[in-house]
Amino acid sequence: MSTKPIYVTQPVLPPLEQFIPYLEQIWENKILTNNGPFHKELERSLCERLGVEHLALFANGTLALVTALQALRITGEVITTPFSFVATAHSLLWNGIKPVFVDIDPKTLNLDPMRIEAAITPHTTAILPVHVYGNPCDVEAIQRIADDYNLKVIYDAAHAFGVQCHCGSVLSHGDLSILSFHATKVFNTFEGGAIICPDAKTKQHIDHLKNFGFVSETCVVASGINGKMNEMQAALGLLQLKHIDQAIERRRVIDTRYREALRGVPGLRCVERSGQTVDNHAYFPILVDPDYPLSRDALYEKLRDQGIHGRRYFYPLISAYPMYRGMLSARPDNLPIAEEVAQRVICLPIYPALSDEDVDRIIDIIKG
Ligand SMILES: *Cc1c(COP(=O)(O)O)cnc(C)c1O
């Protein structure tokens with residue numbers, strides 16, 4: 001029995017010797033950043049892998065979110081979910097935009113389209129939903145509302161690398177989607193991110209914004225930012241892509257092992273997939289109901305005492321943090337489902353290097 005602590009995830013890294021030739025090339029050509037050869041190649045390769053037409057790489061997912069909002073000139077109020085990582089709403093505050101929190105659907109745990117309309121005001125300019133755990137939002141319902149009220153839609157797709165639904169890549173919905181390649185995500189470049197763009201013109205504009213607004217040596221067209229991915233990150237991304245299918249396949253096997261073993265455990269529910277045809281198994285969330293012998297926090301602590309560090313994603317809700325909780329839409333009585341789910345959820349460890357024995361040990365602790 002291993003006594004090493006097990007965390008909710010462990011970053012995937014390729015064999016180090018495979019990375020050396022990429023570094024030698026960078027040392028040789030002295031191009032470290034600014035849309036270098038690895039950067040260009042990774043943009044092309046990711047478009048192909050993800051089944052999208054245009055993509056702009058970023059230094060991280062949060063800068064991609066902040067820049068996406070700038071690119072579409074979003075102002076005023078934006079409807080978003082409280083059940084996400086703080087970067088979703090923080091990107092709005094950084095742009096001086098007011099987040100308006102809307103409750104989630106109890107099944108998909110994503111922004112509930114039925115509740116969006118009631119939150120629209122004359123100041124609303126966009127909707128910022130999240131494909132939580134890689135589970136696709138109800139993209140058609142959201143688009144209908146956006147069309148009716150002339151709103152933009154930006155998807156925080158940080159969890160949705162490679163996810164497909166019945167109409168292809170989940171990343172091709174809305175006006176823009178953003179990805180994160182952070183160390184803890186399914187596909188990592190240490191840190192990194194991207195904006196999926198609908199056309200070449202939008203990508204070009206975003207490429208200007210991520211490089212201080214430069215369009216040429218002497219011409220600056222916008223108060224852009226430095227959001228560029230560097231050549232080391234891009235080189236690593238190219239190498240990671242060679243191993244990604246294998247990594248997701250191992251995640252799938254672990255997902256199935258948990259799901260089969262935990263099915264029928266009284267008081268436990270595994271969060272169901274929400275209609276994706278290709279999944280990435282980024283997370284394994286379970287919900288601890290009152291008829292389970294322990295409370296959610298008691299189970300979380302029991303696991304932790306045995307070296308298993310699950311995470312209560314997403315608890316607390318974003319709306320509960322001090323910079324949001326004064327807002328009317330952040331009141332708990334406005335968000336009953338999200339409040340409830342945040343009290344019940346634990347994400348169990350899932351990553352390619354997690355062994356079957358460790359999965360079984362986690363299952364035994366939960367069942368025991
Ligand atoms: C990870 C994450 C981000 C932020 O991405 P970074 O690359 O860490 O900046 C944004 N939104 C969600 C939902 C995330 O999980």
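FYI, side chains are in, hydrogens and waters are out, and symmetry mates aren't considered; it's all heavy atoms of this structure. Order of appearance sets the numbers: ligands from 1, and atoms from 1 within every ligand.
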Answer with yes or no after comparing the ring centroid distance for His90 and Tyr324 against a 6.0 Å cut-off, counting only values under it. yes
May I ask you to list the atoms of ligand 1 that are less than 4.0 angstrom from any heavy atom of Ala87? 4 (C), 10 (C)
Which residue from Ala158, Ala157, Gly61 reaches closest to atom 14 (C) of ligand 1 through any of its heavy atoms? Ala158
May I ask you to check whether Lys228 and Asn230 show a side-chain donor-acceptor distance below 3.5 Å? no
Applying the 4.5 Å side-chain criterion to the ILVMFWY set and letting contacts propagate, would Phe19 and Phe190 be lumped into a single cluster? yes
Shortest non-hydrogen contact between Asn280 and His159, atoms and distance: ND2-O, 2.8 Å
Checking heavy atoms under 4.0 Å, the part of Thr62 that sits near ligand 1 is both
Tell me the protein heavy atom at minimum distance from atom 3 (C) of ligand 1, and give that distance in Å. Phe85 CD2, 3.8 Å
Distance under 6.0 Å and angle within 45° of the ring axis: does Arg296 meet both against Tyr315? yes
What protein heavy atom sits nearest atom 1 (C) of ligand 1, and how far off is it? Lys185 NZ, 1.7 Å
Are His123 and Thr121 close enough that a side-chain donor and a side-chain acceptor fall under 3.5 Å? no
Qualifying residue, where the test is side-chain contact (heavy atoms from CB on, under 4.5 Å) with Phe58 and the options are Val66, Leu179, Leu65, Ile206: Ile206
Which atoms of ligand 1 sit under 4.0 Å from any heavy atom of Gly192? 7 (O)
Check this for me - ligand 1, His159, N or O atoms closer than 3.5 angstrom, yes or no? yes
Show the atoms of ligand 1 that are less than 4.0 angstrom away from any heavy atom in Ser84. 13 (C)
What protein heavy atom sits nearest atom 11 (N) of ligand 1, and how far away is it? Asp156 OD2, 2.7 Å
Pick one: which of Asp245, Asp255, Asp356 meets salt bridge (Lys or Arg N to Asp or Glu O under 4.0 Å) with Arg250? Asp356
Backbone or side-chain N or O of Ser180 under 3.5 Å from ligand 1 N or O: yes
Which atoms of ligand 1 are found less than 4.0 Å from any heavy atom of His182? 7 (O), 8 (O)
